[in-house]
Asker: 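The following block contains the structure, expressed as structure tokens.
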Amino acid sequence: MNKSDKISGAEAVIRCLIEEDVNLIYGYPGGAIMPIYDELYKFQDKLNHVLTRHEQGATHAAQGYARVSGKVGVVTATSGPGATNLVTGIADAQIDSTPMVCITGQVASHLLGSDAFQETDIIGISTPVTKWNCQITKAVDIPKIIAKAFYIAKSGRPGPVLIDITKDAQFEMMNFKYEKCKSIRSYKPMPDYSLKDINSAVSLINSAKKPLIVWGQGVILGNAENEFKEFIEKTGIPAAWTILGLSALPTEHPLNVGMVGMHGNYGPNVLTNQCDLLIAIGMRFDDRVTGNLETYAKQAKIIHLEIDPAEVNKNVDVDIAVLGNVKKTLPLITKNVTKNSHKDWLSKFQSYYKVEYEKVIKDDIHPSKHGLTMGEVVREINEASNGNAIIVTDVGQHQMVACRYASFKQSKSNVTSGGLGTMGFALPAALGAKMGAPKREVVAIIGDGGYQMTIQELGTIFQTGSAVKIVVLNNEYLGMVRQWQQMFFEKRYASTEMINPDFVAIAKGYYIDAKKVDKRKELKSSVKKMLNSKKPYFLEVKVEKEANVFPMIPSGASVSDVRLE
């Protein structure tokens with residue numbers, strides 16, 4: 001490249017993104033990142049920028065996009081409040097292992113530390129919630145840092161990376177050369193597996209009489225769905241899922257025994273404390289899964305298949321740890337285990353399911369009472385979509401109900417905020433999911449509380465024309481908090497009742513077709529009309545105000561103390 005062929009740091013950023021095969025960015029412009037946006041304007045034929053209505057919306061949209069596409073979500077924002085508005089989404093992506101690269105503008109380097117207008121130490125702020133972050137003050141560093149960012153974000157256990165670029169670095173001229181990053185000294189994203197550990201795992205599996213598998217998102221992130229299915233079908237072991245693992249195995253698979261955790265299914269929770277072998281695959285023993293650690297699976301041998309060594313023995317001591325991507329390690333185990341069937345053990349799960357069905361599920365999805373239930377809305381969506389929709393949920397009662405009752409036939413169909421539990425996640429994440437899988441139906445199921453936290457992203461949906469289907473289950477409460485207040489705080493409903501606006505009028509104000517349903521006889525036809533629409537559609541369903549979600553494991557209780565009422 002000749003001296004006259006030099007380009008600005010801002011243009012280098014855009015060219016780096018193109019080299020990384022990025023074609024979609026979510027963001028919001030501002031003063032400190034304006035040079036990058038000026039260059040972005042010149043590359044509109046190669047990069048589609050989606051203007052969200054809030055920077056947090058940009059991060060959640062990028063998460064939804066990444067979760068269904070398997071690609072890295074990309075976000076751009078300006079300095080100061082623009083950057084700090086990204087932090088919630090970054091933290092969400094960090095705990096849920098979502099690959100994301102966030103690029104923020106920063107004040108000029110000579111102003112750093114001077115409390116300049118819209119200056120914030122976003123590197124210091126984001127350090128605890130990023131997989132890696134870096135500030136760039138020289139244009140020449142842009143290509144190698146961006147290459148490193150993408151490599152770190154998507155390798156090993158994925159996560160978010162933030163790059164902060166000063167304004168003078170964006171204007172500075174440089175000779176451009178880009179090389180994708182393939183390795184970093186001292187960073188080992190893929191730990192070595194041990195054949196000894198694999199053989200030990202095989203031995204435990206072959207001798208187990210009552211084994212139980214609990215799988216998480218690691219199966220999906222590792223693209224190991226087929227390998228996982230082959231493993232459980234050869235071993236005949238019942239398999240239960242965490243909410244982020246949901247959809248890796250078809251809902252109707254005979255060895256899929258349901259969800260574990262606070263609002264999980266009765267059988268897999270109770271029988272966790274009766275199994276003789278617990279095989280954890282790509283999950284991290286979150287407290288909502290384990291309940292009281294002092295009583296969690298103490299009778300069982302435990303095998304943990306995990307890509308991140310930091311998760312091994314962090315919460316639960318295990319007998320055997322098989323490190324590595326389960327796409328590589330599971331087939332080595334499957335090859336050597338004895339083909340088996342655990343019919344008597346599996347029948348125990350089926351027996352517990354029958355009890356749960358009579359006491360909980362039947363009234364949730366086929367209610368005889370007057371008020372509409374969240375469960376029957378999810379059932380209607382299942383039937384109308386034939387289990388082929390991507391379901392995006394927010395956080396709260398509706399999330400637990402949707403995870404319990406949604407039916408999935410293919411992977412990457414469940415998008416939710418797991419570890420951080422971010423209200424406001426679903427609406428922008430559904431937009432990102434639709435753009436990441438444009439040929440699939442995307443239905444956002446949201447509570448009336450979380451919906452209002454990012455309701456402005458209706459503007460983004462309208463502007464992009466993305467045919468997202470939005471279902472708000474309106475019980476006029478912050479339902480999950482109210483449930484806890486009812487059960488553990490003597491019905492003192494402190495600050496949980498919602499006085500809501502006219503949701504239909506708001507949707508129509510954004511030129512989105514909308515309808516409100518409060519009668520059972522209207523539900524089926526309204527859901528079908530929504531799913532048949534080729535445009536964005538909003539459906540409000542008035543559900544019972546004080547319904548609770550069961551089963552439930554009270555906080556701090558054992559998984560075997562799960563309550564059905």
Side-chain angles (χ1 to χ4, degrees), residues 1-51 58 62 71-80 82-83 86 100-114 116-123 126 130 132-154 161-185 187:
M1 180 178 273
N2 298 322
K3 189 174 183 180
S4 60
D5 293 330
K6 284 187 174 183
I7 64 172
S8 68
E11 183 178 344
V13 171
I14 303 303
R15 291 190 178 277
C16 290
L17 295 177
I18 293 170
E19 290 283 345
E20 288 290 343
D21 301 317
V22 173
N23 53 27
L24 184 60
I25 302 170
Y26 298 93
Y28 206 96
I33 200 168
M34 207 173 295
I36 289 174
Y37 269 82
D38 187 53
E39 294 298 333
L40 185 59
Y41 181 84
K42 303 172 187 176
F43 286 85
Q44 292 180 68
D45 59 328
K46 294 184 178 180
L47 284 171
N48 177 23
H49 177 270
V50 176
L51 175 64
K71 299 178 181 178
V72 177
V74 179
V75 178
T76 49
T78 194
S79 62
L86 301 179
M100 186 163 68
V101 170
C102 298
I103 298 172
T104 54
Q106 184 56 276
V107 301
S109 55
H110 72 279
L111 293 174
L112 290 172
S114 70
F117 177 68
Q118 291 193 333
E119 181 200 357
T120 299
D121 178 12
I122 193 59
I123 295 298
S126 66
T130 49
W132 182 66
N133 64 15
C134 184
Q135 187 174 77
I136 299 175
T137 59
K138 299 290 183 184
V140 68
D141 294 329
I142 288 171
K144 65 181 180 183
I145 295 299
I146 290 182
K148 187 175 179 181
F150 274 87
Y151 176 69
I152 291 173
K154 63 189 176 184
V161 171
L162 183 137
I163 305 168
D164 193 44
I165 309 176
T166 60
K167 198 167 185 178
D168 52 324
Q170 296 173 50
F171 280 123
E172 189 179 9
M173 304 302 288
M174 60 170 290
N175 293 314
F176 181 76
K177 182 182 179 182
Y178 194 79
E179 292 182 9
K180 287 190 178 183
C181 182
K182 296 180 181 178
S183 65
I184 300 171
R185 190 177 64 180
Y187 170 56

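Because the structure is a prediction, the values reported are computed rather than measured.
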Asker: Evaluate Tyr37 against Thr78 for side chain to side chain donor-acceptor pair (under 3.5 Å), listing each step before the verdict.
Answerer: CA-CA 10 Å; Tyr37 269 82; Thr78 194; over 6 Å; no

Asker: Treating Glu19 as the side-chain partner and Tyr178 as the backbone partner, does any N or O pair qualify as donor plus acceptor under 3.5 Å?
Answerer: no

Asker: For Pro35 versus Phe171, what's the shortest heavy-atom pair and its separation?
Answerer: CG-CZ, 3.6 Å

Asker: List the atom of Ser126, the atom of Leu162, and the distance in Å for their closest heavy-atom pair.
Answerer: OG-CD2, 4.1 Å

Asker: Are the side chain of Asp168 and the backbone of Ser109 linked by a donor-acceptor contact shorter than 3.5 Å?
Answerer: yes

Asker: Spell out, as yes or no, whether a donor-acceptor pair under 3.5 Å connects the side chain of Gln106 to the backbone of Thr120.
Answerer: yes

Asker: Determine whether more than 12 heavy atoms belonging to other residues, nucleotides or ligands lie under 6.0 Å from atom CZ of Phe43.
Answerer: yes

Asker: Taking atom NZ of Lys180 as the centre, does the number of heavy atoms from other residues, nucleotides or ligands within less than 6.0 Å exceed 12?
Answerer: yes

Asker: Looking only at non-hydrogen atoms, find the nearest pair between Ile33 and Gly105 and report the distance.
Answerer: CD1-N, 3.8 Å

Asker: After noting the C-alpha distance and the side-chain angles of Lys148 and Trp132, does the key distance pass the side chain to side chain contact (heavy atoms under 4.5 Å, CB included) rule?
Answerer: CA-CA 10 Å; Lys148 187 175 179 181; Trp132 182 66; 3.6 Å; yes

Asker: Could you report the tightest heavy-atom contact between Ile165 and Val13, atom names first, then the distance?
Answerer: CD1-CG2, 3.7 Å

Asker: Take atom CD of Glu179 as the centre, draw a 6.0 Å sphere, and report whether it contains more than 12 heavy atoms from other residues, nucleotides or ligands.
Answerer: no

Asker: For Gly82 and Leu86, work out which heavy atoms get closest and say how close.
Answerer: O-CG, 3.6 Å

Asker: I would like to know whether Gln135 and Leu112 meet side chain to side chain contact (heavy atoms under 4.5 Å, CB included); could you show each step before the answer?
Answerer: CA-CA 11 Å; Gln135 187 174 77; Leu112 290 172; 3.5 Å; yes

Asker: Which atoms form the tightest heavy-atom contact between Glu39 and Ser8, and what is the distance?
Answerer: OE2-OG, 3.8 Å

Asker: Rounded to the nearest 0.5 Å, what separation is found between the OG atom of Ser79 and the CZ atom of Phe117?
Answerer: 8.0 Å

Asker: Short question: side chain of Lys167, backbone of Gly31 - any donor-acceptor pair under 3.5 Å?
Answerer: yes

Asker: Answer yes or no: does atom OH of Tyr41 have more than 12 heavy-atom neighbours from other residues, nucleotides or ligands under 6.0 Å?
Answerer: no

Asker: Keeping Glu119 on the side-chain end and Gly113 on the backbone end, is there a donor-acceptor pair under 3.5 Å?
Answerer: yes

